[in-house]
Amino acid sequence: MKEYKNSENINNKTENKSAKDIMTAATNILVFADNTEKSLRDKLSNRGFDKETIDSAVVKLKEAGLINDARLIRSYTEYLADKKLYGRGRIKLELQRKGFDRELISESFEDCVSDVDFEENCVKLIRKKNLVKKIRDSKTAQKVNAALARYGYGYAEIKYAYTRLLEENEEE
C-alpha cells in the first residue's frame with residue numbers, strides 16, 4: 001500500500017509541475033505579444049503540452065483577462081483599417097488568417113468598423129500609391145480596380161473614390 005501512495009504522490013507532483021510549467025510557458029509567450037487563443041494553443045502544443053493541460057491553462061488565462069480575442073480583434077481591425085488602409089473584405093480575411101474564430105469575427109466585426117470611413121480610406125490609398133493619374137485611363141483604371149479589390153474594397157467604395165478624385169483634379 002505504501003508504494004501506491006508514493007506513486008500517487010509522484011503523479012500529483014508531476015501534474016502540479018506540468019500545470020506550473022504550462023502557465024510559465026504561456027505567460028512567457030504572452031509577455032512578448034498578444035496572442036489569439038488559437039495561436040497560444042498551437043504554441044503550447046508545439047512545446048509538448050497535452051490538450052487537457054492546455055485547455056485548463058487557457059481557461060485560467062481567460063479568467064485572468066490575459067487572453068481576450070474580442071479586444072485583439074478590435075485593435076487589429078483598427079490597425080488594418082487605419083495604417084494599412086484595408087477594406088472590409090481584406091480585414092475579414094486577415095482576421096481569419098490570424099486565427100480568430102469566424103463566429104467571433106462575425107459577431108464583433110461591424111461594431112469594430114463602425115467608426116471607419118472606408119470610402120475615405122479608399123481615396124487615401126489611391127493617393128498614397130500615386131494612382132490618381134492611372135484612374136483617368138481606362139486600361140490602367142482596370143488594373144487599379146483590381147488592386148483596390150485585392151485591398152478589400154467594394155465597387156461602391158471604389159466608384160466613390162474615383163468620382164471624388166476626378167472631380168478634385170478637374171477643379172485644379
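Just so you know, these numbers use all the heavy atoms, side chains as well, and skip hydrogens, waters and symmetry mates.
Between atom CD1 of residue Ile91 and atom CD of residue Glu78 there is a gap of 10.5 Å, rounded to the nearest 0.5 Å. The distance from the CG atom of Asp69 to the CG atom of Leu40 is 10.0 Å, given to the nearest 0.5 Å. Note that the CD atom of Glu157 and the CG atom of Leu148 stand 10.0 Å from one another [nearest 0.5 Å]. Atom CZ of residue Arg74 and atom CG of residue Leu72 lie 12.0 Å apart, to the nearest 0.5 angstrom. For the atom pair OG of Ser56 and CD1 of Ile54, the computed distance is 9.0 Å after rounding to the nearest 0.5 Å. Asn68 contributes atom CG, which lies 9.0 Å from atom CG of Asp34 (distance to the nearest 0.5 angstrom).
The backbone N or O of Leu104 sits less than 3.5 Å from a side-chain atom of Ser108, completing a donor-acceptor pair.
A salt bridge links Glu168 with Arg164: the distance from a Lys NZ or Arg NE/NH1/NH2 to an Asp or Glu carboxylate oxygen falls below 4.0 Å. Glu120 has no carboxylate O lying under 4.0 Å from a charged side-chain N of Lys124, or vice versa, which leaves the two without a salt bridge. Note on Arg97 versus Glu94: salt bridge recorded, some NZ/NE/NH1/NH2 to OD/OE distance being below 4.0 Å.
The aromatic rings of Phe100 and Tyr76 lie tilted to each other, with the angle between the two planes from 30° to 60°.
In this structure the side chain of Lys62 reaches within 4.5 angstrom of the side chain of Val58, judged on heavy atoms. Annotation: side chain of Arg127 is in contact with side chain of Leu165 (closest heavy-atom distance under 4.5 Å). When side chains are defined from C-beta on, Phe109 does not count as touching Ile73, because their heavy atoms never get closer than 4.5 Å. By the 4.5 Å heavy-atom criterion applied to side chains, Met23 and Lys60 are counted as neighbours. Two residues are said to be in side-chain contact when any heavy atoms from C-beta on lie closer than 4.5 Å; Ile67 and Asn35 fail this criterion. Looking only at side-chain heavy atoms (C-beta outward), Asn145 and Tyr155 stay at 4.5 Å or farther from each other. Two residues are said to be in side-chain contact when any heavy atoms from C-beta on lie closer than 4.5 Å; Arg88 and Lys92 fail this criterion.
Summarising the geometry of Cys122 relative to Tyr153, their closest heavy-atom pair is N-OH, 3.7 Å, with the distance given to 0.1 Å. Closest heavy-atom contact between Leu44 and Ala26: CD2-N, 3.9 Å. Lys134 and Thr140 make their closest contact through O-OG1, 2.6 Å (heavy atoms, listed as atom of the first residue, atom of the second, distance). The minimum heavy-atom distance linking Ala149 with Ile158 is given by the pair N-CD1, 4.1 Å. Among all heavy-atom pairs drawn from Tyr151 and Arg90, the shortest one is O-CB, 3.0 Å.
Phe49 and Val59 are members of different hydrophobic clusters when ILVMFWY side chains are connected at heavy-atom separations under 4.5 Å.
Applying side chain to side chain contact (heavy atoms under 4.5 Å, CB included) to Tyr86 and the options Leu80, Asn121, Leu93 leaves one that passes, Leu80.
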